[in-house]
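Read the structure below first, then the notes.
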Amino acid sequence: MPSFDTVCEPNMVEVRNAVDNAAKEIGTRFDFKGTAAAIEIKEKEITLTGDADFQLQQVMDVLLNKLAKRNVDVRFLDKGDVQKIGGDKVKQVVKVRSGIESEQARKIQKLVKDSKLKVQAAIQGDAVRVTGKDRDVLQQTIALVRKEMADLPLSFTNFRD
């Protein structure tokens, strides 16, 4: 039976490289000299720090620019709230989304089931496996899921014939 997996996995190597490039640019830019502007990554959390909300937004713009240059979808980022830390400094934690949440997986499964295509969708951990009778039906399913779930940065892997 032909099948494929629907997953939501960022390329963490590219994310790390983008954060490193953003940190390098922040260190050399004139408008960030002598300020608390910084960016760092630990596991799947990116921490932005700055002197004010405006500067935090500038750091975020630099990060988004570097991610776009490295072909990393910005929909993987889950921005947290801006928090005040010592003095007048602020920080923001941005989580890198990985895996499909169970609610989203159920939505995808229901979408595939309601589509009247001859395929079955099964939730497997943080991925959704879709199996069907032939390749054409699976390609129609991929097109449908891409169109309906546009807010998620989905990729389709493990395509078996």
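Because only heavy atoms are used, hydrogens play no part in the values below, and waters and symmetry mates are left out as well, while side chains stay in.
No continuous path of hydrophobic side-chain contacts links Ile85 to Leu56 [ILVMFWY only; heavy atoms under 4.5 Å]. Cluster annotation: Leu64 is connected to Leu48 through the hydrophobic network of ILVMFWY side chains, with a link wherever side-chain heavy atoms come within less than 4.5 Å. Connection of Val19 to Leu77 is established within a shared hydrophobic cluster, with ILVMFWY side chains joined at heavy-atom distances below 4.5 Å, either directly or through further cluster members. In this structure, Val13 is not a member of the same hydrophobic cluster as Ile46, with clusters built from ILVMFWY side-chain heavy atoms closer than 4.5 Å. A single hydrophobic cluster is seen to contain both Val94 and Val72, as judged by linkage of ILVMFWY side chains at heavy-atom distances under 4.5 Å, directly or through other members.
Considering every non-hydrogen atom in both Pro10 and Val96, the closest pair reads CG-CG1, 3.7 Å. Contact detail for Val59 and Ala37: the closest heavy-atom pair is CG2-CB, 4.1 Å.
Atom CD of Gln124 is surrounded by more than 12 heavy atoms from other residues, nucleotides or ligands within 6.0 Å.
From Leu117, atom CG reaches atom CG of Leu144 across 6.5 Å, with rounding to the nearest 0.5 Å. Here the CD atom belonging to Gln109 is positioned 4.0 Å from the CD1 atom belonging to Ile123, to the nearest 0.5 angstrom. Taken from CZ in Arg97 to CZ in Arg75, the straight-line distance is 9.0 Å, to the nearest 0.5 Å. In this structure, Thr49 OG1 and Lys89 NZ are separated by 9.0 Å, a value rounded to the nearest 0.5 Å. Considering OG1 of Thr141 and CD of Gln139, their distance stands at 9.5 Å, rounded to 0.5 Å. Atoms OG and CZ, from Ser3 and Arg135 in turn, are 12.0 Å apart once rounded to the nearest 0.5 Å.
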Report task. Determine, step by step, whether Asp61 and Gln57 satisfy the side-chain hydrogen bond (donor to acceptor under 3.5 Å, both in side chains) criterion, reporting the C-alpha distance in whole Å, the side-chain angles of both residues, the deciding distance to 0.1 Å, and the verdict. Result -> CA-CA 6 Å; Asp61 290 343; Gln57 187 57 46; 3.2 Å; yes
Requested in this report: Quick one: do Gln92 and Lys79 satisfy side-chain contact (heavy atoms from CB on, under 4.5 Å)? Show the steps, please.
Outcome: CA-CA 8 Å; Gln92 183 176 22; Lys79 298 176 188 171; 3.8 Å; yes
Query raised in the report: Can you check side-chain contact (heavy atoms from CB on, under 4.5 Å) on Thr6 and Phe4, steps first, answer last?
Result: CA-CA 7 Å; Thr6 305; Phe4 67 86; 3.4 Å; yes
Query - Check against side-chain contact (heavy atoms from CB on, under 4.5 Å), Ile26 and Gln58 - result: CA-CA 10 Å; Ile26 289 167; Gln58 286 182 318; over 6 Å; no
Query - Verdict with reasoning, Val128 to Val112, per side-chain contact (heavy atoms from CB on, under 4.5 Å) - result: CA-CA 11 Å; Val128 178; Val112 169; over 6 Å; no
Query raised in the report: Can you list the steps and then say if Glu14 with Arg16 is a salt bridge (charged side-chain N to carboxylate O under 4.0 Å, His left out)?
Result: CA-CA 5 Å; Glu14 291 296 333; Arg16 186 170 300 282; over 6 Å; no
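Electrostatic pairing of Asp114 and Lys110 counts as a salt bridge here, judged by a charged N lying under 4.0 Å from a carboxylate O.
Using modelled atom types and a 3.5 Å distance limit, the side chains of Thr47 and Lys91 yield no donor-acceptor pair.
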Let me have the donor-acceptor pairs involving side chains of residues 145-160, under 3.5 Å, with sequence neighbours excluded, atom names and distances please.
unit_1	atom_1	unit_2	atom_2	d
Asn158	OD1	Arg160	NH2	3.0
Asn158	ND2	Asp5	OD2	3.2

